[in-house]
There are 2 protein chains.
Amino acid sequence: MAQGRVTIVDVASRAGVSKSAVSFALNGRPGLAEETRQRILDVAREMGWSPSQRGRSLAVSRAFAVGLILARAPELIGSDPFYPSFIAGAEAVLSKSGYSLLLQVLDDPAREADAYHRLATEGRVDGVFLSDMRHGDPRIAMLTELGLPAVTLNRSNISSPFPAVCLDDNAPGITVATRHLIELGHRRIAHVTGPVEFMHAVRRRDAWGAALADAGVPEGPVVVSDFTASGGAAATRELLSLEEPPTAIVYANDLMAMAGMVVAQDLGFPVPQRLSVTGFDDTELAAYVSPALTTVRTSPFAWGQHAAQTLLQFIDAGSAPDVELDSPELVIRTSTARPLEPPLT
Amino acid sequence: MAQGRVTIVDVASRAGVSKSAVSFALNGRPGLAEETRQRILDVAREMGWSPSQRGRSLAVSRAFAVGLILARAPELIGSDPFYPSFIAGAEAVLSKSGYSLLLQVLDDPAREADAYHRLATEGRVDGVFLSDMRHGDPRIAMLTELGLPAVTLNRSNISSPFPAVCLDDNAPGITVATRHLIELGHRRIAHVTGPVEFMHAVRRRDAWGAALADAGVPEGPVVVSDFTASGGAAATRELLSLEEPPTAIVYANDLMAMAGMVVAQDLGFPVPQRLSVTGFDDTELAAYVSPALTTVRTSPFAWGQHAAQTLLQFIDAGSAPDVELDSPELVIRTSTARPLEPPLT
DNA sequence: TTGTAAGCGTTATCAT
DNA sequence: ATGATAACGCTTACAA
């Protein structure tokens, strides 16, 4: 097991210099002969030394870690392709700066406030990512209070002292999906959304509504669901048993859309002949269901990269500009087609 | 923002005792008058003090954190319901002990060794979870070398100094799935597996083979795939274009199974009439595809709990017993049925 | 250009 | 039972 770890003094004595010289060499500070610096670095590598994060942390009052707290039900996270890619993207830039990611998944959302509180008071992280922004999100007040830097993934509806890194914040992805259906000739276009507490749920709903209004198409029915397969199935059943069922449904995510397509076909609404369907996320499976799902492809990896970059800059400099990432693209597959009967005009 | 944090000396002086007294009170050490202890704790709460994790870490040479490194491609992690639940389970016990989880997702598996190395030498974590165990897994030698405690999720095929926490290690889940098909009367049962470097892939393959052998059923064809939807689709196409296509396929995970079912129906093999299909994982969507997928339900949350418990114990005590979790259960839905033609006996 | 010494906030040792 | 005092491993004035 770990015999006496090699520390900075070992390296110093081996290189015949003082501790501070080693520290300077490591951190690329000026005021060291290039030759000495090189020698020190060589010795360090040779001895397999990397500075103890613990000593470092204590000395500079930094944790060299940022946090991500997910308060959704695990099942929901599990079926969301977003997080792993986001985390991979974030990690790519964090690790370059010697930062780590602390992840917390809470099965009980009630413990959320407590979790942020602990992260802050124990000084485990220097900042956090705020995802799944909610209406009047209480976390931004909480974090300002705690003095913990943050970056919000998209915006809440309240003003925030934190930089926002936005991908599809105004849901242009849904706009283009809805337009696609309109162009195909659909006039009864429904929407299945997620819990209204989530900003992205209402933003998608609004984008859908605005796209319809823009085209002078009457607003179809909306069902508020919960982003789960079971929720998507139930919502679809509800929509298709209306007196005038829609000819197309815009779902707020792929999972609900895929479950919805199955329900539709069971109820005698073959997709896309009698019902067109669009999703959101472009999960891998979306291309392999039948019919293949027309959906909106986002790039969570890039989102993670920018979010991490912005967070680090905010931590460092005390401020960082908002970032708007490129709009996601619509991937057109076979779940969308012209409606059977032309609409009455 | 956070003005000068309150430290242990503040509490000490306010309570009129020494630093060590406060430390003793906090950690419930003997050698303190009950009255003093109480007074100290009161003052601490009153001042809103909690000990700095940084100072603590340096003093006791512990990070109070454990690591999880995922070296799969993010897409693959994203479609795997395993990790979020596992992490939630682990977190549930870690946070009770004041531990945190450090997560790293590597898009480039080549950086894996380096990642473990850094985690260890920088002293960021006190131990790690080893998942996705591989054949002759190089990580266990690496970690013994580094002196970093670990817990393996299931076993590798080589001996290990680390405790193993096992769920379905010998793939009884696949055994029961295969038996289920045999009992239905299938005699040409194929298998689609994951990359053979992964222990769980070969264990599942072996379990499938053993179940067939046990029942005196000839071993069907095997296609080595990659746990992705696209891989599952390709494998299925391959199996169904054989001269004697199987009447049932045991897939090593749900994603491949769901993609496979679609391919089968496209190729004129309606499920379950002409082809029975079983999956593995019981993702949420499995119940909402058509036909609903018969699959094996595991409990990653419990796995996470036990793994964390074991890891903490191993870190603390230097040893911990292996744990075998309950076998997963087979969830029978509508993707499996009796084969059309009775087998020739 | 290099070395010395004083923190950072704990815990742990050892007198008192 | 209690209180100095020395680690822990690093950074950073400041002195040489």
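Proteins get letters first, then strands, A, B, ... in listed order; numbering begins at 1 in each.
The ring-ring contact (aromatic ring centres under 6.0 Å, His included) pairs that include a residue from residues 102-124 of chain B number zero, where partners must be two or more places apart or lie in different chains.
B/Arg54 meets the salt bridge (charged side-chain N to carboxylate O under 4.0 Å, His left out) test with no other residue; sequence neighbours excluded. Listed by chain and residue number, B/Arg111 satisfy the salt bridge (charged side-chain N to carboxylate O under 4.0 Å, His left out) test with B/Asp107 (two or more places apart in sequence, or in another chain). Legend: residues meeting salt bridge (charged side-chain N to carboxylate O under 4.0 Å, His left out) with B/Asp42, ordered by chain and number and at least two apart, are B/Arg45. Among residues two or more places apart in sequence or in another chain, the ring-ring contact (aromatic ring centres under 6.0 Å, His included) test is passed with A/Phe64 by A/Tyr99. Residues satisfying the salt bridge (charged side-chain N to carboxylate O under 4.0 Å, His left out) test with A/Glu34, not counting sequence neighbours, are A/Arg37. Every residue was checked against the ring-ring contact (aromatic ring centres under 6.0 Å, His included) condition with A/Phe24, not counting sequence neighbours, and none meets it.
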Pick out the pairs of N or O atoms, protein on one side and nucleotides 2-4 of chain C on the other, that lie under 3.5 Å.
| from | atom 1 | to | atom 2 | distance (Å) |
| --- | --- | --- | --- | --- |
| C/dT2 | OP1 | A/Thr36 | OG1 | 3.2 |
| C/dT2 | OP2 | A/Ala33 | N | 2.9 |
| C/dT2 | OP2 | A/Thr36 | OG1 | 2.9 |
| C/dG3 | OP2 | A/Ser18 | N | 3.2 |
| C/dG3 | N7 | A/Ser20 | OG | 3.3 |
| C/dT4 | O4 | A/Ser20 | OG | 2.8 |

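Here B/Asp169 pairs with B/Arg155 in a salt bridge; the nearest charged N to carboxylate O distance falls below 4.0 Å.
Recorded end-axis angle for the helix from C/dT1-D/dA16 to C/dT16-D/dA1 stands at 50°, based on five pairs per end and rounded to 10 degrees.
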Which donor-acceptor pairs under 3.5 Å do the side chains of residues 81-98 of chain A make with protein atoms, sequence neighbours left out?
| from | atom 1 | to | atom 2 | distance (Å) |
| --- | --- | --- | --- | --- |
| A/Tyr83 | OH | A/Ser131 | OG | 3.1 |
| A/Tyr83 | OH | A/Asp132 | OD2 | 3.3 |
| A/Ser95 | OG | A/Glu91 | O | 3.0 |

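Heavy-atom contacts of chain A under 4.0 Å fall on DNA chain D between two terminal nucleotides, which in 5' to 3' order are D/dG9 to D/dT12.
More than 12 heavy atoms of other residues, nucleotides or ligands shown are found within 6.0 angstrom of CG on B/Asp316.
For the 3.5 Å distance criterion, the side chains of B/Arg124 and A/Ser100 qualify, holding a donor opposite an acceptor.
A heavy atom lying under 4.0 Å from DNA chain D marks the following residues of residues 48-67 of chain B, by number: B/Leu58, B/Ala59.
Atoms CG and OG, from B/Leu130 and B/Ser160 in turn, are 8.0 Å apart once rounded to the nearest 0.5 Å.
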